[in-house]
> 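One structure follows; several queries about it will come next.
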Amino acid sequence: MTTNGPSDGGTASPLVRIRSLVPGLAKAEQRVAKVVLANPAAVSRTSITDVAEAANTSETTVTRFCKAIGLRGYPELRIALAAESARTEARPNNDLGADITAEDDLGQVVGKLGYADARAVEETAGQIDIGVLDRVVTAMAAAGRVDVYGVGASAFVALDLQQKLHRIGRISFAWSDTHIMLTSAAVLGPGDVAVAISHSGATAETVEALRLAARHGATTVAITNFPRSPIATVAEHVLTTAARETTFRSGATASRIAQLTVIDCLFVGIAQRHMGTAMNALDATRSAVGAHRLDERYDGRRRHPGEPHETKER
């Protein structure tokens with residue numbers, strides 16, 4: 001049985017949900033989504049007839065769009081958009097949410113990228129399904145082996161999860177080569193977990209590896225921005241991120257930050273299940289690399305003879 005996010009409760013934004021579901025909507029419903037996302041505050045004050053006309057479709061399609069995103073109808077959409085607009089207007093530096101243009105100076109670029117990354121973390125945390133997260137943590141904490149698949153930018157996130165799990169003594173491997181992902185999946189079995197990371201959820205190699213892992217009996221987990229993407233159809237559990245694409249694919253950086261947020265939640269949850277051994281392992285690994293740190297304090301001053309090394313992570 002597949003378990004999916006994002007959650008409908010908590011601080012989840014209706015705009016986050018709409019963006020995540022757009023690829024799986026019918027063409028006419030996608031036009032409605034485009035109208036809503038372009039100016040949600042205006043739509044919250046607009047009749048269903050005006051929205052239908054703006055999207056070049058029918059009122060029936062607008063209602064169908066509302067149900068496709070988990071709402072009962074257009075009145076509920078207007079209420080959700082009004083609440084979201086009020087939250088957005090209350091945020092400081094709201095202008096940083098604008099897209100990057102050729103005229104922006106570097107200060108504005110830094111500000112907008114920082115805002116996009118912060119929003120990706122906040123919105124990912126707000127919409128993550130805690131029930132699904134708990135089931136994934138339980139499976140990974142008990143797993144004999146965790147294999148993580150990802151290509152491109154997602155490969156770096158996969159490596160981060162592997163490194164974190166190794167730090168607390170959990171057996172894990174991260175793969176980005178297609179052939180190695182497939183051979184890895186072929187030797188997994190019941191009691192093992194396969195985690196596939198793909199922002200689009202449509203990376204053929206990652207989907208194929210996860211499907212093969214499922215066929216061999218492993219518990220399968222997908223981390224993606226789109227809960228109705230191909231990878232979600234082959235995963236037992238789906239954890240969603242909330243990152244948006246913008247100019248120069250800055251969404252590609254925001255998507256990585258959002259994925260790392262989910263990875264951190266998984267790691268801490270697993271470490272909690274093995275608190276004693278996890279803390280001992282972290283101390284042991286910290287000591288193992290201690291001799292390879294420069295003989296200086298974190299404030300730049302040299303240590304006094306006999307002064308212990310800092311234990312803070314670098």
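We use all heavy atoms of the structure for the numbers below, so side chains are in, but hydrogens, waters and symmetry mates are not.
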> V51 and side chain to side chain contact (heavy atoms under 4.5 Å, CB included): which partner among T57, L77, V32?
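Single pass found, and it is V32.
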> Suppose the criterion is salt bridge (charged side-chain N to carboxylate O under 4.0 Å, His left out): which pairs have a residue in residues 257-270, not counting sequence neighbours?
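Listed by first then second residue: K164-D264.
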> Does the S287 side chain pair with the main chain of D283, one donor and one acceptor, at a distance under 3.5 Å?
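Yes; at least one donor-acceptor contact below 3.5 Å.
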> Whether the side chain of R167 engages the backbone of T285 through a donor-acceptor N/O pair (distance < 3.5 Å, no angle test) should be reported.
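Not a single qualifying donor-acceptor pair exists.
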> Would you find a donor on one side and an acceptor on the other, under 3.5 Å apart, between the side chain of D104 and the backbone of T101?
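Looks like yes, one N/O pair under 3.5 Å.
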> Short question: side chain of Q108, backbone of D105 - any donor-acceptor pair under 3.5 Å?
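Side chain of Q108 to backbone of D105: a pair is present.
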> Using a 3.5 Å distance criterion without hydrogens, assess whether the side chain of E123 forms a donor-acceptor pair with backbone atoms of S13.
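No.
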> Verify the neighbour count for atom CD1 of I171: are there more than 12 heavy atoms of other residues, nucleotides or ligands below 6.0 Å?
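No, because the 6.0 Å sphere around CD1 of I171 holds 12 heavy atoms or fewer from other groups.
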> We want to know whether T61 and S58 form a side-chain donor-acceptor pair, criterion being a heavy-atom distance below 3.5 angstrom.
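There is such a pair between these side chains.
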> Is it the case that the side chain of R78 and the backbone of Y74 share a donor-acceptor pair, with hydrogens and angles ignored and the cut-off at 3.5 Å?
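No, because the side chain of R78 does not come within donor-acceptor range (under 3.5 Å) of the backbone of Y74.
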> Look only at the side chain of H199 and the backbone of S154, and say whether a donor-acceptor pair between them is shorter than 3.5 Å.
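Between the backbone of S154 and the side chain of H199 there is no qualifying donor-acceptor contact (under 3.5 Å).
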> Answer yes or no: is there an ion pair linking R17 with E84, defined by an N-O contact shorter than 4.0 Å?
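E84 and R17: not salt-bridged.
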> Under a 3.5 Å distance rule, please check whether T124 uses its side chain to pair with a backbone N or O of V121 as donor and acceptor.
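Checking the backbone N and O of V121 against the side chain of T124, no donor-acceptor pair under 3.5 Å is found.
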> Decide whether T220 and R211 meet the rule of one side-chain donor and one side-chain acceptor closer than 3.5 Å.
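There is no such pair between these side chains.
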> Using atom types as modelled and distance alone, determine if a side-chain donor or acceptor of R256 lies under 3.5 Å from a backbone N or O of V157.
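Between the backbone of V157 and the side chain of R256 there is no qualifying donor-acceptor contact (under 3.5 Å).
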> For the residue pair F267 and I168, establish whether any side-chain heavy-atom pair is separated by less than 4.5 Å.
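A side-chain contact under 4.5 Å exists here.
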> Tell me yes or no: between the side chains of N225 and T241, is some donor less than 3.5 Å from an acceptor?
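Their side chains do contain a donor-acceptor pair, which is all the 3.5 Å distance test asks for.
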> Got a donor-acceptor contact below 3.5 angstrom from the D134 side chain to the G131 backbone?
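Flag not set: sc D134 to bb G131 has no pair under 3.5 Å.
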